[in-house]
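Sequential numbering from 1 along the given sequence is applied to the chain's residues. Everything numeric in this text was worked out from a predicted model, so none of it was measured.
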Amino acid sequence: MHRRQFVKSVTAFGAVSLLPQTSNAQDTAQSMWGGPVIDMHHHWRAPLAVNIAHMDGAGITRSLLLAEAQQEADATAAVPTNRFSRFISVVATRPDAIAVLRKARENGALGFGEMKSRVALDSPEMKRIYALAAEMNVPVLAHFQEVTQQLSVGTYNTGYARFPALLKEFPKTLFIGHADAFWANVSTEVPTDNAYPPGPVKRGGLTDRLLTDTPTLYGDLSATSGRNFLARDPEFARDFLIRHQDKLMFGSDCFCTDGKGAGQTNPLPILAGKCVARETLTALKSLTSPEVFRKIVWGNGTRLLKLG
């Protein structure tokens with residue numbers, strides 16, 4: 001998505017606390033979800049209080065802020081650093097993209113993303129970003145979208161069928177897959193005109209195979225696409241979550257203002273007027289054991305970001 005604002009964490013990477021800003025946040029997450037929750041896909045919305053309200057309303061302990069490069073200059077020390085970490089994103093076609101990403105990493109960004117550019121996933125512009133991520137040993141969160149839609153007009157990082165070759169070309173790059181094409185491809189049957197395919201999953205889809213075969217690939221369960229995947233075939237989703245329990249991470253990509261759905265507009269009926277974070281957490285809790293749930297909503301994300 002575009003026109004998003006972001007507030008920067010002032011704590012240097014590698015020197016962050018996992019404790020929430022107040023015991024209240026920890027207590028809320030404990031009562032709602034049985035323990036702490038990290039949102040691996042949180043876009044800034046102004047003012048700061050709205051971000052905190054969303055997290056507290058949905059029972060989220062900590063969030064990974066996804067920052068656009070042009071917003072980094074507006075970062076402020078007002079962000080409670082023991083509740084936020086951050087990634088940095090830049091339009092891949094910018095001539096100075098690599099310099100911007102390198103500087104942001106040196107200033108504390110823990111990774112690159114959400115990378116959402118109108119180029120192919122294996123374009124020269126994206127390949128130089130994957131190479132930098134490997135060099136700096138940080139993950140790349142990529143938005144894969146093949147079908148234009150109401151809330152995200154256009155296509156981004158296209159050519160998902162070529163993703164296996166790209167993963168082989170960059171074996172040292174940590175990838176986090178996200179968005180419509182990533183989750184539609186859990187099935188071998190992928191429509192070309194529907195970003196959120198309904199109905200049973202036909203087993204053997206590309207995303208499922210790649211998560212099995214590629215140690216450096218992780219999955220971000222955020223947004224309408226992630227929630228649609230969990231809902232379309234619960235039996236398949238339950239098995240999928242067990243098989244990939246060490247590779248999947250909860251994220252919201254939600255823009256409601258209170259963690260309860262206020263101000264939310266969503267084309268998917270199961271999310272209309274609801275908080276994506278709360279609904280996704282509820283679905284995950286119902287589909288998994290407490291042990292698997294804990295990995296997906298806390299353990300995998302904090303391990304990948306090296307926060308523990």
Subject >> No-hydrogen, no-angle side-chain donor-acceptor test under 3.5 Å, Lys247 and Thr214 >> reply: no

Subject >> Closest heavy-atom pair and its distance - Val140, Ala133 >> reply: CG2-CB, 3.3 Å

Subject >> Phe175 vs Phe163, ring-ring contact (aromatic ring centres under 6.0 Å, His included): CA-CA, chis, key distance, verdict >> reply: CA-CA 11 Å; Phe175 289 88; Phe163 196 25; 5.7 Å; yes

**OP:** Check whether any side-chain N or O of Ser187 sits under 3.5 Å from a backbone N or O of Val190 as a donor-acceptor pair, and report yes or no.
**Re:** no

**OP:** State, to 0.1 Å, how close Ala29 and Thr61 come at their nearest heavy-atom pair, and which atoms those are.
**Re:** CB-OG1, 3.4 Å

**OP:** Would you check if Leu271 and Arg227 make a side-chain contact, meaning some heavy-atom pair closer than 4.5 Å?
**Re:** yes

Original post:
Just wondering, do Leu305 and Ile38 contact through their side chains at under 4.5 Å, heavy atoms?
Top reply: yes

**OP:** Show the numbers, then the answer: is there a side-chain hydrogen bond (donor to acceptor under 3.5 Å, both in side chains) between His143 and Asp180?
**Re:** CA-CA 8 Å; His143 179 111; Asp180 317 348; 5.1 Å; no

Original post:
Quick one: are Glu291 and Gln245 in side-chain contact, heavy atoms under 4.5 Å?
Top reply: no

Original post:
Would Ile270 and Trp183 show up in the same hydrophobic cluster when neighbours are defined by side-chain heavy atoms closer than 4.5 Å?
Top reply: no

Original post:
Linking I/L/V/M/F/W/Y whenever any side-chain heavy atoms sit under 4.5 Å apart, do Met126 and Leu210 land together?
Top reply: yes

Subject >> Parallel, tilted or perpendicular, as decided by the 30° and 60° cut-offs, for the rings of Phe255 and His43 >> reply: parallel

Subject >> Approximate separation, where rounding is to 0.5 Å, of Ile296 CD1 and Thr280 OG1 >> reply: 11.5 Å

**OP:** Could you tell me which non-hydrogen atom of Ser252 sits nearest to which non-hydrogen atom of Asp39, and how far apart they are?
**Re:** OG-OD2, 2.5 Å

**OP:** Would you give the length of the straight line joining atom OG of Ser85 to atom CG of Leu64, rounded to the nearest 0.5 angstrom?
**Re:** 6.5 Å

Original post:
By ring pair (Phe, Tyr, Trp, His ring centres under 6.0 Å), which residues pair with Tyr218, not counting sequence neighbours?
Top reply: none

**OP:** Please examine the side chains of Val37 and Arg62, heavy atoms only from C-beta on, and report whether any two atoms are closer than 4.5 Å.
**Re:** no

Original post:
Side chains of Ser152 and Gln145: donor-acceptor distance under 3.5 Å anywhere?
Top reply: yes

Original post:
Are any of the side-chain heavy atoms of His42 and Asn51 separated by less than 4.5 Å?
Top reply: yes

Subject >> Full working for side-chain contact (heavy atoms from CB on, under 4.5 Å) between Cys256 and Lys274 >> reply: CA-CA 8 Å; Cys256 84; Lys274 297 179 180 179; over 6 Å; no

Subject >> Distance-only polar pair, side chains of Asp208 and His244, donor-acceptor under 3.5 Å >> reply: yes

Original post:
CZ of Arg243 to CZ of Arg238: how many Å apart, nearest 0.5 Å?
Top reply: 13.5 Å

Subject >> Closest contact, heavy atoms only, Leu121 versus Gly159 >> reply: CD2-O, 3.2 Å

Subject >> Criterion side-chain contact (heavy atoms from CB on, under 4.5 Å) on Gln264 and Val276, from CA distance to verdict >> reply: CA-CA 9 Å; Gln264 177 69 279; Val276 179; 3.4 Å; yes

Original post:
What pair of heavy atoms forms the shortest contact from Cys254 to His54, and how long is it?
Top reply: SG-NE2, 3.4 Å

**OP:** Check for a donor-acceptor pair, side chain of Arg294 on one end and backbone N or O of Pro36 on the other, with a separation under 3.5 Å.
**Re:** yes

Original post:
How about Leu304 and Leu174: do any of their side-chain heavy atoms sit closer than 4.5 Å?
Top reply: yes

Subject >> Pair Phe293 + Phe250: ring centers closer than 6.0 Å >> reply: no

Original post:
If we only count heavy atoms from C-beta on, is the Ile52 to Phe84 side-chain gap below 4.5 Å?
Top reply: yes

Original post:
Does the Asp233 side chain pair with the main chain of Phe236, one donor and one acceptor, at a distance under 3.5 Å?
Top reply: yes

Original post:
Going through the distances and angles, do Glu169 and Lys127 end up as a salt bridge (Lys or Arg N to Asp or Glu O under 4.0 Å)?
Top reply: CA-CA 9 Å; Glu169 186 177 351; Lys127 284 186 176 183; 3.1 Å; yes

Subject >> For the student: nearest non-hydrogen atoms of Asn194 and Val147, plus distance >> reply: N-CG1, 4.0 Å

Subject >> No-hydrogen, no-angle side-chain donor-acceptor test under 3.5 Å, His178 and Ser222 >> reply: yes

Original post:
Under 3.5 Å, is there a donor-acceptor pair linking the side chains of Thr224 and Asn266?
Top reply: yes

**OP:** Go through the steps to decide whether Thr173 and Thr216 satisfy the test side-chain contact (heavy atoms from CB on, under 4.5 Å), and finish with yes or no.
**Re:** CA-CA 7 Å; Thr173 302; Thr216 53; over 6 Å; no

Subject >> Cluster overlap Trp33 with Leu221, hydrophobic side-chain contacts below 4.5 Å >> reply: yes

Original post:
Considering only heavy atoms from C-beta outward, does the side chain of Val119 approach that of Tyr156 to under 4.5 Å?
Top reply: no

Original post:
Salt-bridged, Arg83 to Asp56, with N to O below 4.0 Å?
Top reply: yes

Original post:
Phe240, Ile242: one ILVMFWY side-chain cluster at the under-4.5 Å cut-off?
Top reply: no

Original post:
When rounded to the nearest 0.5 angstrom, what is the spacing between CG in Leu167 and CG in Asp213?
Top reply: 10.0 Å

Original post:
Under a 4.5 Å side-chain heavy-atom rule over Ile, Leu, Val, Met, Phe, Trp and Tyr, are Leu141 and Leu307 clustered together?
Top reply: yes

Subject >> Val100 and Arg94: CA distance, side-chain angles, deciding distance, side-chain contact (heavy atoms from CB on, under 4.5 Å) verdict >> reply: CA-CA 9 Å; Val100 170; Arg94 278 182 54 163; 3.5 Å; yes

Could you list the donor-acceptor pairs under 3.5 angstrom formed by side chains in residues 195-207, with sequence neighbours left out?
residue, atom, partner, partner atom, Å
Tyr196, OH, Gln149, OE1, 2.5
Tyr196, OH, Gln149, NE2, 3.3
Arg203, NH1, Asp239, OD2, 3.2
Thr207, OG1, Tyr160, OH, 2.7
Thr207, OG1, Phe182, O, 2.5

Original post:
Roughly how far, to the nearest 0.5 Å, is the CD atom of Glu114 from the CD1 atom of Ile88?
Top reply: 13.0 Å

Original post:
Do Asp258 and Lys260 sit within salt-bridge range, that is, some charged N less than 4.0 Å from a carboxylate O?
Top reply: no

Original post:
How many angstroms lie between CG in Asp27 and CE in Met32, if you round to the nearest 0.5 Å?
Top reply: 13.0 Å

Subject >> salt_bridge(Glu135, Arg102) N-O dist < 4.0 Å >> reply: yes

